[in-house]
*Asks:* 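The structure follows.
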Amino acid sequence: MAGFDRIIGHEQTVMQLKASLREGRVSHACIIEGNPGSGRRTLALAYAAALECEVLTDDSCTECTSCRQAASHNHPDIIWITHEKPSVISVDEVRTQLVGDIQIKPYSGKYKIYIMPEAEKMNQAAQNALLKTLEEPPAYAVILLLTANASSLLETIRSRCVHYQLRPLEDELVRKTVMQRMEVPDYHAALCAAFGQGSIGKALQLAGSENFVQLRDMALRIVAKAPTMSIAALAAEVKEVTEYKVTIHDFLDILSIWYRDVLYFKATRQTDRLIMPDQIPMIRRAASKCSYEGVEMILEALDKAKARLDANVSFDLTMELLFMTIREYSEK
C-alpha cells in the first residue's frame with residue numbers, strides 16, 4: 001500500500017498535500033525536510049502514488065494498476081534518484097537520471113515524478129544543474145527533494161520549491177506504534193521512542209536491533225560501576241561501544257536518558273513515566289545518593305562530551321572529563 005493512511009502523524013502536512021491535489025495546485029518542486037526516520041520517503045511515495053492514481057483525486061486508491069506499480073516501486077513515471085558514492089550526489093548522476101530524462105514525456109501517468117532522497121548530498125555542480133531544470137520545468141514534471149537539512153540547498157533552489165517540514169512526533173505516539181508493530185515490552189518501546197527523538201523509523205529500527213539492547217545493558221553496567229572503577233578502566237569499557245555498530249553519541253544518549261529518569265524519580269517519587277521502569281531499584285538507589293545539582297551536573301557533562309567529540313577533541317580526554325564528573329557527583 002502507498003496511501004496517505006500509512007503516514008503516522010504529520011497530519012498538517014498530509015492535509016496540505018491532499019488540498020493541493022484536490023484543488024489542482026500541484027507544485028513542480030517540493031522539499032520534504034525531516035530527521036532520518038521521520039517518514040520522508042513514505043510521505044513522498046504516498047504523494048507520488050496519489051498524483052498518478054487513476055481513481056481518486058486526493059489520495060491513492062491502492063488498487064488500480066498505477067497504485068500497485070507505485071507500491072511495488074515499479075511505476076515507470078516515478079523515478080528514484082540514486083547515487084553511487086555514499087556521501088555525495090554528483091552532477092553526472094543528476095544530469096543522467098533527472099535533467100536528461102525529464103524531457104521525455106510520461107510513459108503512462110499524468111505526471112513524471114522524481115524523488116531524490118538525501119538531497120543535501122548534492123554537490124555544488126549537481127545543485128546548479130538541477131537549478132536550471134527548476135527554472136523551466138516541463139508541465140508534467142514533479143521533483144521531490146527529501147532532506148534532513150534544507151539549508152544545505154542553494155537559496156535559489158529553496159525559493160523555487162514548496163517546503164514541507166516534518167516535525168518530531170510525540171514520544172507516546174511513537175511508543176504505541178513500536179508496541180503495535182514490533183510486539184516488544186512497554187518499557188523497551190518507551191526507551192526506543194525516547195531514543196528515536198520523535199522519529200518512528202529510528203524507533204522501529206532500534207526495537208528490532210539486538211545491538212541496541214546490548215548497548216543499553218552495557219551502558220547500565222558502566223553506570224553501576226562508575227563510582228568504584230578507575231577512570232582509565234571506565235574509558236576502556238566505553239571503547240567497546242564500537243563493537244555494537246553504533247556511535248559514541250548513541251551511548252551518551254542512553255546515559256542521558258538514564259540520568260533523566262533518576263532526576264524524574266528524585267523529583268516526583270513516581271515510576272509511571274520512567275523511560276526505564278525495569279531499572280527501578282537501581283534508579284531508586286541512584287536518586288537517594290545523588291543530589292539534584294549532582295544529576296544536573298552529570299547531564300550537563302554528557303552534553304559537553306558530545307560537543308567535544310563533535311569538535312574532534314580527543315576521545316580519551318573527553319571520556320576522562322566525563323567520568324570524572326560522573327564519579328564526583330554520583331554520590332553528592
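When reading the values below, keep in mind they use all heavy atoms of this one structure, side chains included, and skip hydrogens, waters and symmetry mates. Starting from 1, each residue takes its place in the sequence as its number.
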*Asks:* Going by an N to O cut-off under 4.0 Å, is there a salt bridge joining Lys110 and Asp77?
*Replies:*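 Answer for the salt bridge query: no.
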*Asks:* Counting only pairs under 3.5 Å, give me each side-chain donor-acceptor contact of residues 135-149, with atom names and distances, residues two or more places apart or in other chains.
*Replies:*
{"from": "Tyr140", "atom 1": "OH", "to": "Ile102", "atom 2": "O", "distance (Å)": "2.8"}
{"from": "Tyr140", "atom 1": "OH", "to": "Gln103", "atom 2": "O", "distance (Å)": "3.1"}
{"from": "Thr147", "atom 1": "OG1", "to": "Glu120", "atom 2": "OE1", "distance (Å)": "2.7"}
{"from": "Thr147", "atom 1": "OG1", "to": "Asn149", "atom 2": "N", "distance (Å)": "2.9"}
{"from": "Thr147", "atom 1": "OG1", "to": "Asn149", "atom 2": "O", "distance (Å)": "3.3"}
{"from": "Asn149", "atom 1": "OD1", "to": "Ser151", "atom 2": "N", "distance (Å)": "3.4"}
{"from": "Asn149", "atom 1": "OD1", "to": "Ser151", "atom 2": "OG", "distance (Å)": "2.5"}

*Asks:* Shared ILVMFWY cluster between Met282 and Met276, side chains joined below 4.5 angstrom?
*Replies:* yes
*Asks:* Is a side-chain donor or acceptor of Ser199 paired with a backbone partner of Lys202 at a separation under 3.5 angstrom?
*Replies:*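 Side chain of Ser199 to backbone of Lys202, a donor-acceptor pair under 3.5 Å: yes, one is there.
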*Asks:* Taking the side chain as C-beta and beyond, is there a heavy-atom pair between Thr271 and Pro277 under 4.5 Å?
*Replies:* no
*Asks:* Any chance you could measure Asp272, atom CG, to Tyr264, atom OH, to the nearest 0.5 Å?
*Replies:*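 Asp272 atom CG to Tyr264 atom OH measures 4.5 Å (nearest 0.5 Å).
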*Asks:* Taking Asp58 as the fixed residue, which of Lys18, Arg22, Arg25 is the one that meets the salt bridge (Lys or Arg N to Asp or Glu O under 4.0 Å) rule?
*Replies:*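 Exactly one candidate clears the test, Arg22.
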*Asks:* Can you name the nearest heavy-atom pair linking Thr325 to Ala301, along with the distance?
*Replies:* CG2-CB, 3.7 Å
*Asks:* If we ignore hydrogens and angles and just use 3.5 Å, is the side chain of Lys266 paired with the main-chain N or O of Ser291 as donor and acceptor?
*Replies:*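 Checked: no pair found.
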*Asks:* Please check: side-chain N/O of Arg158 versus main-chain N/O of Leu153, any donor-acceptor pairing under 3.5 Å?
*Replies:* yes
*Asks:* Trp258 vs Ile298, test: side-chain contact (heavy atoms from CB on, under 4.5 Å). Steps then yes/no.
*Replies:* CA-CA 11 Å; Trp258 156 260; Ile298 291 171; over 6 Å; no
*Asks:* Could you walk me through whether Phe323 and Ile222 pass side-chain contact (heavy atoms from CB on, under 4.5 Å), step by step?
*Replies:* CA-CA 10 Å; Phe323 284 113; Ile222 289 177; 3.8 Å; yes
*Asks:* Report yes if some heavy atom in the side chain of Arg260 is under 4.5 Å from a heavy atom in the side chain of Ile275; otherwise report no.
*Replies:* no
*Asks:* Applying side-chain contact (heavy atoms from CB on, under 4.5 Å) to Leu154 and Asn128, what does each step give before you reach the verdict?
*Replies:* CA-CA 8 Å; Leu154 294 173; Asn128 285 328; 3.5 Å; yes
*Asks:* Output yes when a side-chain donor or acceptor of Gln69 lies under 3.5 Å from a complementary backbone atom of Pro76, and no otherwise.
*Replies:*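 No, because the side chain of Gln69 does not come within donor-acceptor range (under 3.5 Å) of the backbone of Pro76.
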*Asks:* Are any non-hydrogen side-chain atoms of Lys112 and Asp101 less than 4.5 angstrom apart?
*Replies:*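 Touching, per the 4.5 Å side-chain cut-off.
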*Asks:* Answer yes or no: is there a donor N or O on one side and an acceptor on the other, between the side chain of Glu33 and the main chain of Ala150, under 3.5 Å?
*Replies:* yes
*Asks:* What residues, two or more places apart in sequence or in another chain, satisfy side-chain hydrogen bond (donor to acceptor under 3.5 Å, both in side chains) together with Asn74?
*Replies:*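 Applying side-chain hydrogen bond (donor to acceptor under 3.5 Å, both in side chains) to Asn74 gives Ser72.
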*Asks:* Using a 4.5 Å cut-off on heavy atoms from C-beta on, say whether the side chain of Ile81 contacts that of Ile115.
*Replies:*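 They are not in contact (no side-chain heavy atoms under 4.5 Å apart), so the answer is no.
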*Asks:* Would you check if Tyr259 and Val223 make a side-chain contact, meaning some heavy-atom pair closer than 4.5 Å?
*Replies:* yes
*Asks:* Do Pro117 and Arg41 come close enough that some side-chain heavy atom pair is under 4.5 Å?
*Replies:* yes
*Asks:* Please check this pair: side chain of Thr42 against backbone of Ile7, looking for a donor-acceptor N/O pair closer than 3.5 Å.
*Replies:* no
*Asks:* Assigning hydrophobic clusters by single linkage (Ile, Leu, Val, Met, Phe, Trp, Tyr; side-chain heavy-atom cutoff under 4.5 Å), is Met297 placed with Tyr292?
*Replies:*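 They do share one cluster, since a chain of ILVMFWY contacts under 4.5 Å joins Met297 to Tyr292.
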*Asks:* To the closest 0.5 Å, what do you measure between CD1 (Ile254) and CG (Leu220)?
*Replies:* 8.0 Å
*Asks:* Compute whether any side-chain donor of one residue and acceptor of the other, for Ser66 and His75, lie under 3.5 angstrom apart.
*Replies:* yes
*Asks:* Could you grab the distance from atom CG of Leu191 to atom CZ of Phe212, nearest 0.5 Å is fine?
*Replies:* 4.0 Å
*Asks:* Taking the side chain as every heavy atom from C-beta outward, state whether Phe265 and Asp261 have any pair of such atoms under 4.5 Å apart.
*Replies:*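 No, every pair of side-chain atoms sits at 4.5 Å or beyond.
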*Asks:* Ignoring hydrogens and angles, tell me if any N or O in the side chain of Arg40 forms a donor-acceptor pair with the backbone of Gly34 under 3.5 Å.
*Replies:* yes
*Asks:* For a 4.5 angstrom cut-off between non-hydrogen side-chain atoms, does Leu43 reach Tyr164?
*Replies:*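 No, every pair of side-chain atoms sits at 4.5 Å or beyond.
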*Asks:* Is Ile257 reachable from Val262 through a run of I, L, V, M, F, W or Y residues, each pair having side-chain heavy atoms under 4.5 Å apart?
*Replies:* yes
